[in-house]
There are 2 protein chains.
Amino acid sequence: MNETECEPGSLSHEDAATYATWFKALADPMRVRLLNLLATERRAMTVGEIVGLLPIGQSTVSHHLRILAEVRFVLAERQGTSTRYEVNGACLECFPAAVRAIMGQP
Amino acid sequence: MNETECEPGSLSHEDAATYATWFKALADPMRVRLLNLLATERRAMTVGEIVGLLPIGQSTVSHHLRILAEVRFVLAERQGTSTRYEVNGACLECFPAAVRAIMGQP
DNA sequence: GCCTTGATTCCACAGACGTCGAAACAATGG
DNA sequence: CCATTGTTTCGACGTCTGTGGAATCAAGGC
């Protein structure tokens with residue numbers, strides 16, 4: 001089982017798996033639109049607000065936001081009876097950095 | 001059917017769908033490793049060569065390479081009895097550009 | 001204490017995906 | 001023409017995913 005492989009490429013299995021989860025989080029058109037919406041509005045938004053702007057139901061919006069939050073692309077903050085979601089500006093750094101790491105850029 | 005929606009966000013449905021297919025192409029750890037392998041070797045490689053370096057079968061490597069080629073992350077060139085795959089350097093430009101477009105960066 | 005509003009979780013279902021092995025295809029060498 | 005080597009396609013299997021609707025939970029307002 002232990003193959004003592006020499007790890008081809010410059011990435012470890014773990015890094016490759018991590019980056020794959022990042023890409024997977026954006027591998028759906030609705031999640032891309034969702035993130036773009038939050039980024040262009042430049043403010044925290046509630047689920048109900050988003051439901052009125054995208055052609056999907058409440059539970060589906062919540063589902064997508066959870067996926068985006070799991071990889072830290074968006075941040076959630078409970079405020080009273082509603083939850084406010086906003087873009088995590090940090091992913092502007094680490095996301096292109098991951099691309100450079102994969103493509104072996106210096 | 002025509003809802004005359006005001007297209008929330010800065011991206012059109014079509015652009016969002018296109019970017020989603022790009023991310024989907026990298027939404028698998030093995031494809032990330034595959035692209036990283038081709039990028040770090042900095043040369044065109046054959047399927048058989050790659051099969052010896054990654055823990056998956058020949059047909060699966062071919063399958064993943066086809067997906068990466070469909071979105072132009074890699075380029076394929078048939079050479080005699082074998083096919084040589086190499087990274088498409090152009091995606092170093094357009095990929096971070098897509099991220100900036102989604103995140104509304106100027 | 002109830003009721004209302006907003007959000008999440010649960011369930012179900014259709015469709016897509018990753019993987020393998022076998023079969024088919026392509027190109028070269030005997 | 002047949003054999004060989006490298007690659008792609010096909011069929012199948014189990015798993016994961018996007019979506020909606022119903023139920024549940026959380027926090028205020030009456």
Side-chain angles (χ1 to χ4, degrees), chain A residues 1 3 5 13 16-38 43-71 73-86, chain B residues 1 3 13 16-38 41 43-71 73-86:
Chain A
M1 204 170 298
E3 311 186 19
E5 252 178 311
H13 309 185
T18 300
Y19 296 155
T21 63
W22 293 3
F23 293 126
K24 195 184 304 190
L26 290 181
D28 179 84
M30 207 55 74
R31 284 199 292 272
V32 171
R33 291 176 68 179
L34 199 37
L35 186 61
N36 175 244
L37 175 62
L38 289 172
R43 65 190 172 92
M45 300 179 76
T46 67
V47 175
E49 213 170 353
I50 296 170
V51 170
L53 296 173
L54 295 180
I56 49 178
Q58 193 175 37
S59 64
T60 307
V61 169
S62 182
H63 170 67
H64 286 316
L65 284 173
R66 194 168 62 85
I67 291 177
L68 290 175
E70 275 171 358
V71 294
F73 285 169
V74 304
L75 303 175
E77 188 194 5
R78 182 131 226 159
Q79 209 154 56
T81 177
S82 63
T83 309
R84 306 178 63 76
Y85 288 91
E86 64 185 339
Chain B
M1 203 169 301
E3 311 190 18
H13 309 185
T18 299
Y19 296 156
T21 64
W22 293 4
F23 293 126
K24 194 184 302 189
L26 290 181
D28 179 83
M30 207 56 72
R31 284 199 291 272
V32 171
R33 291 176 67 179
L34 200 37
L35 186 61
N36 175 244
L37 175 62
L38 289 172
E41 291 283 333
R43 65 190 172 92
M45 300 179 76
T46 66
V47 175
E49 215 172 351
I50 297 169
V51 169
L53 296 173
L54 295 181
I56 49 178
Q58 195 175 36
S59 64
T60 308
V61 169
S62 182
H63 170 67
H64 286 316
L65 284 172
R66 193 169 63 85
I67 291 175
L68 290 175
E70 275 171 358
V71 293
F73 284 169
V74 304
L75 303 174
E77 187 195 6
R78 183 133 226 158
Q79 209 154 55
T81 177
S82 64
T83 309
R84 307 178 62 77
Y85 287 91
E86 65 185 341

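Reckoned from all heavy atoms, side chains included, excluding hydrogens, waters and symmetry mates. Residue numbering restarts at 1 for every chain, and letters A, B, ... go by the order of the sequence lines.
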Item to complete: May I ask you to say what A:R31 touches in the nucleic acid, namely base, sugar-phosphate or nothing, with a heavy-atom cut-off under 4.0 Å?
Response: sugar-phosphate
Discussion item. If I take atom CG in residue A:D28 and atom C1' in nucleotide C:dG15, what distance separates them, rounded to the nearest angstrom?
Written reply: 13 Å
Practice prompt. Report the distance from atom CG of A:L26 to atom P of D:dG18, rounded to the nearest whole Å.
Written response: 11 Å
Worksheet item: Contact class for A:H64 (heavy atom, under 4.0 Å): base, sugar-phosphate, or nothing?
Response: sugar-phosphate
Fill in: Length of the line joining A:L65:CG and D:dT19:P, which is rounded to integer Å
12 Å
Worksheet item: Side chains of B:E49 and B:R43: closer than 4.5 Å at any heavy-atom pair?
Response: yes
Practice prompt. Measure from the side-chain N and O atoms of A:R31 to the backbone N and O of A:A25, and report whether any donor-acceptor pair falls under 3.5 Å.
Written response: yes
Worksheet item: Under 4.0 Å between a side-chain N/O of A:T81 and OP1 or OP2 of C:dA7, yes or no?
Response: no
Discussion item. Rounded to whole Å, please give me the gap between CZ in B:R84 and C1' in C:dA27.
Written reply: 16 Å
Worksheet item: In whole angstroms, how far is the P atom of C:dG18 from the CZ atom of B:R33?
Response: 15 Å
Worksheet item: Is any side-chain N or O of A:S59 under 3.5 Å from a base N or O of D:dG21, one able to act as donor and the other as acceptor?
Response: yes
Worksheet item: Tell me: CD of B:Q58 to C1' of C:dC25, nearest whole Å?
Response: 13 Å
Response to the item:
Closest to the side chain of A:S62, out of C:dC20, C:dT9, D:dG18, is C:dT9
Worksheet entry | Interatomic distance where CD belongs to B:E77 and C1' belongs to D:dT7 [whole Å] | 15 Å
Item to complete: From the options D:dT9, C:dC20, D:dT17, select the nucleotide whose nearest atom is closest to the side chain of B:I56.
Response: C:dC20
Fill in: For atom CZ of A:R66 and atom C1' of D:dT19, their distance in whole Å
14 Å
Worksheet item: Looking only at heavy atoms, what is the nearest atom pair of B:L34 and B:V61, with distance?
Response: CD2-O, 4.4 Å
Practice prompt. Establish, with yes or no, whether the OP1 or OP2 oxygen of C:dG18 is under 4.0 angstrom from a side-chain nitrogen or oxygen of B:H63.
Written response: yes
Discussion item. Quick check on DNA chain D: between A:S82 and A:G57, whose nearest nucleotide comes earlier from the 5' end?
Written reply: A:G57
Discussion item. Does a side-chain N or O of B:T60 approach OP1 or OP2 of C:dG18 to a distance below 4.0 Å, or not?
Written reply: no
Discussion item. The side chain of B:R78 is closest to which nucleotide in this list: C:dA27, D:dT19, C:dA7?
Written reply: C:dA27
Worksheet item: Tell me, do A:W22 and B:F23 make a side-chain contact under 4.5 Å, heavy atoms counted?
Response: no
Discussion item. Any non-hydrogen side-chain atom of A:L65 less than 4.5 Å from a side-chain atom of A:L38?
Written reply: yes
Worksheet item: For D:dG6, does OP1 or OP2 lie under 4.0 Å from any side-chain N or O of B:Y85?
Response: no
